[in-house]
Amino acid sequence: MKTEFDSSYMDLAPQSSTLLSEVLVGLSKHQKSIPPKFLYDKAGSEIFEKICDLRDYYPTRAEKEILQTYAGEMAEMIGPGALIIEPGSGAGEKVRYLLKELQDPSGFVPIEIEREILLRMTSELIEEFPDLNITPVCADFTQMLQLPITVGMKNGKKVIFFPGSTIGNLSPEEAIDFLTQYGEMLSTGGGFLIGADLKKDSATLKRAYDDSEGVTAEFNMNLLRRLNREVGASFDLNNFEHEAFYNEDMGRVEMHLKSKVPQLVRINRTVFRFNEGETIHTENSYKYSEDEFAELCAHAGLVLRKCWKDSKNLFCVYYFEK
Ligand code: AVI
């Protein structure tokens, strides 16, 4: 595909999926588990988009309200001439709110593993923001330690934009590592603009991850469909069900796939035994109070400058400086 940004496009050739080996390791553990990144094949990503529009799933709506209302204030805090970097940029819907308000940004670096999504989004942004210098990077942002940024920066200030509460899908230790590693790209005064979900009553959280329309159940069950298709697993979908609950002690929503019966499942030549009620842990979504999140980020050397909440106090967008 010939693009107008050929000269600045960076393809760091994300490694092909390690699905089989990671699944064999995960299912051999005492608490069976599969890394949440495998929920997002093409079908999974499409189901996730549906989740974002659900009445029961409040985070996307709440964060958009915050960005719509306060993007001007955020841009003012960031100041003129900044370079915006977005790990896992997807379709780049949320960054548009910010880009509209920023004063004379030096550029935008979206990092996205799905090449097609990245290139489509870049073409759209070029149309919308013809003066913006865009350097799309095709890479798995969780594997990237060094970003070879070559675009010109007027005052050298970089801001990492990480919306969507994706940070909540990392354990607190992984989140600190992520912030520390990406923070190394920043010079003093650089910042992080991060969206993170707030702690709240467990009924609201349960509804958001076990919605009445069954879309999140479909999202979780799609993982088994993927394993049957891609690694020749023998999961009988009738024998598993979606389970989601708020684990208050850990401060996280957990998603599991629960075996309804005692059964054996084969993947390649390995056979896994499931007892009735035994689960595969497929995702954590950590929830933080404002103070907890500021403390977490302080471990990565970040100082909270300001945060913004939606009108129902469900979600928070934070601006930290290094
Ligand atoms: C992508 N991530 C922030 C979502 C979340 O809320 O943790 C993933 C998700 N899983 C089930 N519903 C949404």
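Order of listing sets the numbers, starting from 1, for every ligand and every atom in it. On a predicted model such as this, the values are computed, not experimentally measured, just so you know.
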Per-pair distances, 0.1 Å, donor-acceptor, side chain in residues 68-86, under 3.5 Å, sequence neighbours excluded:
| unit_1 | atom_1 | unit_2 | atom_2 | d |
| --- | --- | --- | --- | --- |
| T69 | OG1 | E65 | O | 2.6 |
| E73 | OE1 | K306 | NZ | 3.2 |
| E73 | OE1 | W308 | NE1 | 2.7 |

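Among residue pairs with one or both ends in residues 186-212, those qualifying as ring pair (Phe, Tyr, Trp, His ring centres under 6.0 Å) are Y57-Y209; sequence neighbours excluded.
Between K50 and E218 no salt bridge is recorded (no basic side-chain N to carboxylate O distance below 4.0 Å). Salt-bridge formation is detected for the pair K64/E93: a Lys NZ or Arg NE/NH1/NH2 atom is positioned less than 4.0 Å from an Asp or Glu carboxylate oxygen.
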Write 'none' if nothing qualifies; otherwise put on separate lines each N/O atom of ligand 1 with a protein N/O atom under 3.5 Å away and their distance to 0.1 Å.
| unit_1 | atom_1 | unit_2 | atom_2 | d |
| --- | --- | --- | --- | --- |
| ligand 1 | 2 (N) | N169 | OD1 | 2.8 |
| ligand 1 | 6 (O) | Y57 | OH | 2.5 |
| ligand 1 | 6 (O) | Y209 | OH | 2.5 |
| ligand 1 | 7 (O) | N169 | ND2 | 2.9 |
| ligand 1 | 7 (O) | S285 | OG | 2.6 |
| ligand 1 | 10 (N) | E283 | OE1 | 2.6 |

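Residues meeting the ring pair (Phe, Tyr, Trp, His ring centres under 6.0 Å) test with Y58, sequence neighbours left out: none.
Classification of the Y288-Y286 ring pair by plane angle, with boundaries at 30° and 60°, yields parallel.
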